[in-house]
Amino acid sequence: MIQVGDQLPDVTLQEYSEVEGEGCSIGPNPVKVREAAKGKTIALFALPGAFTPTCSAKHVPGYVEKFDELKKAGVDEIWCLSVNDAFVMGAWAREQKSAGKVRMLADGSADFAKAAGLTLDLTGRGMGVRSNRYSMLVKDGKVASLNVEGPGKFEVSDAGTMLSQLKG
């Protein structure tokens with residue numbers, strides 16, 4: 001499993017763009033993780049799936065709600081990773097009203113989750129291999145803190161915990 005001090009995995013995620021601009025076309029666009037994280041402080045959180053109960057009711061809304069506080073505490077960007085395709089993540093971003101606050105990044109084949117050693121096997125529930133629920137503070141592409149949830153838990157990967165770690 002990825003540890004504090006490790007570099008982020010060298011993988012490419014996908015991000016759905018609603019409008020064309022800044023070199024991005026409408027639709028899915030590649031996001032090279034190491035390149036996108038270079039020189040930035042990122043509050044990254046990952047979860048098992050878009051539109052799932054805890055993820056939709058608590059996890060994403062908490063980061064959207066605390067966006068201004070996280071920015072004031074030194075975060076340049078907030079990333080949400082899930083093992084879904086870019087189209088699903090784009091639809092979820094619209095539903096969660098996360099535009100301009102949380103980058104909803106698709107880890108469609110679980111490449112990031114696997115490389116980080118943070119997968120969750122939900123094949124017994126018909127969901128395949130997903131990402132575990134966790135958060136990490138990333139500084140210049142390296143993990144500065146890591147908060148991995150226990151099975152079925154939502155206690156340490158929330159925006160409030162991330163904010164307290166930034167202030168501490």
Side-chain angles (χ1 to χ4, degrees), residues 8-9 11-113 116 118 120 127 130-141 143-147 149 154 156-167:
L8 290 179
V11 299
T12 301
L13 301 171
Q14 295 289 319
E15 181 174 32
Y16 189 85
S17 295
E18 294 283 356
V19 293
E20 199 167 351
E22 295 185 37
C24 294
S25 62
I26 295 172
N29 288 283
V31 176
K32 294 180 179 182
V33 170
R34 286 192 179 164
E35 188 177 302
K38 191 173 243 175
K40 297 176 187 166
T41 297
I42 300 166
L44 182 155
F45 67 102
L47 35 82
F51 294 104
T52 55
T54 301
C55 305
S56 290
K58 296 178 182 176
H59 215 166
V60 174
Y63 279 90
V64 170
E65 179 184 304
K66 295 204 181 292
F67 171 78
D68 290 329
E69 291 176 73
L70 288 161
K71 292 290 273 188
K72 285 179 190 168
V75 169
D76 297 307
E77 293 182 0
I78 303 170
W79 293 5
C80 172
L81 275 63
S82 184
V83 180
N84 292 105
D85 64 63
F87 297 100
V88 168
M89 293 299 282
W92 197 33
R94 283 190 299 279
E95 192 261 345
Q96 290 287 316
K97 297 175 178 48
S98 64
K101 295 182 178 183
V102 177
R103 294 183 74 179
M104 304 295 267
L105 301 173
D107 186 17
S109 298
D111 292 339
F112 187 99
L118 289 164
L120 178 64
M127 294 173 69
R130 297 292 181 122
S131 174
N132 199 352
R133 184 183 306 280
Y134 64 89
S135 68
M136 63 173 69
L137 181 64
V138 178
K139 293 185 177 184
D140 194 24
V143 180
S145 67
L146 178 63
N147 310 297
E149 297 284 1
F154 180 62
V156 297
S157 63
D158 61 296
T161 299
M162 177 67 67
L163 193 56
S164 67
Q165 289 174 338
L166 279 159
K167 291 179 177 179

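All figures in this text were calculated on a predicted structure; none of them were measured in a lab.
Counting heavy atoms from C-beta on, the side chains of L8 and M136 come closer than 4.5 Å. The side-chain heavy atoms of F112 and V83, taken from C-beta on, include no pair separated by under 4.5 Å. Residues V31 and R103 meet the side-chain proximity criterion, which asks for heavy atoms closer than 4.5 Å. For the pair V64 and K97, the minimum side-chain heavy-atom distance is 4.5 Å or more. Put simply, the side chain of C80 reaches to within 4.5 Å of the side chain of V60, judged on heavy atoms. The shortest side-chain heavy-atom distance between F67 and V102 does not fall under the 4.5 Å cut-off.
What you find for S98 and M104 is that their closest heavy atoms are OG-CG, 3.6 Å.
Judged as a side-chain hydrogen bond (donor to acceptor under 3.5 Å, both in side chains), and not counting sequence neighbours, the contacts of K40 are E77. Residues satisfying the ring-ring contact (aromatic ring centres under 6.0 Å, His included) test with F45, not counting sequence neighbours, are H59, Y63. Scanning for side-chain hydrogen bond (donor to acceptor under 3.5 Å, both in side chains) contacts around N84 gives S82, with sequence neighbours left out. Applying the side chain to side chain contact (heavy atoms under 4.5 Å, CB included) rule to K32 yields the partners T12, E35; only residues at least two apart in sequence or on another chain are considered. Applying the ring-ring contact (aromatic ring centres under 6.0 Å, His included) rule to Y16 yields the partners F87; only residues at least two apart in sequence or on another chain are considered. By the side-chain hydrogen bond (donor to acceptor under 3.5 Å, both in side chains) test, Q165 is found to be paired with S145, N147, residues two or more places apart in sequence or in another chain being considered. For T161, the side-chain hydrogen bond (donor to acceptor under 3.5 Å, both in side chains) partners two or more places apart in sequence, or in a different chain, are D158. Residues passing the side chain to side chain contact (heavy atoms under 4.5 Å, CB included) test with K139 are T41, L137, A144, sequence neighbours excluded. Applying the side chain to side chain contact (heavy atoms under 4.5 Å, CB included) test to E65 and every residue at least two apart in sequence or in another chain returns nothing. For R94, the salt bridge (Lys or Arg N to Asp or Glu O under 4.0 Å) criterion is met by E18, not counting sequence neighbours.
The line from CD of Q14 to OG of S109 is 9.5 Å long, rounded to the nearest 0.5 Å. Within the model, atoms CZ of R133 and OG of S157 stand 6.0 Å from one another, a figure rounded to the nearest 0.5 Å. Rounding to the nearest 0.5 Å places CG of L47 at 10.0 Å from CZ of R130.
Annotation: side-chain hydrogen bond (donor to acceptor under 3.5 Å, both in side chains) contacts involving residues 44-56, sequence neighbours excluded, comprise S56-W92. Listed by first and then second residue, the salt bridge (Lys or Arg N to Asp or Glu O under 4.0 Å) pairs that reach into residues 43-56 come to none, sequence neighbours excluded.
No donor-acceptor pair under 3.5 Å is formed between the side chain of K38 and the backbone N or O of D140.
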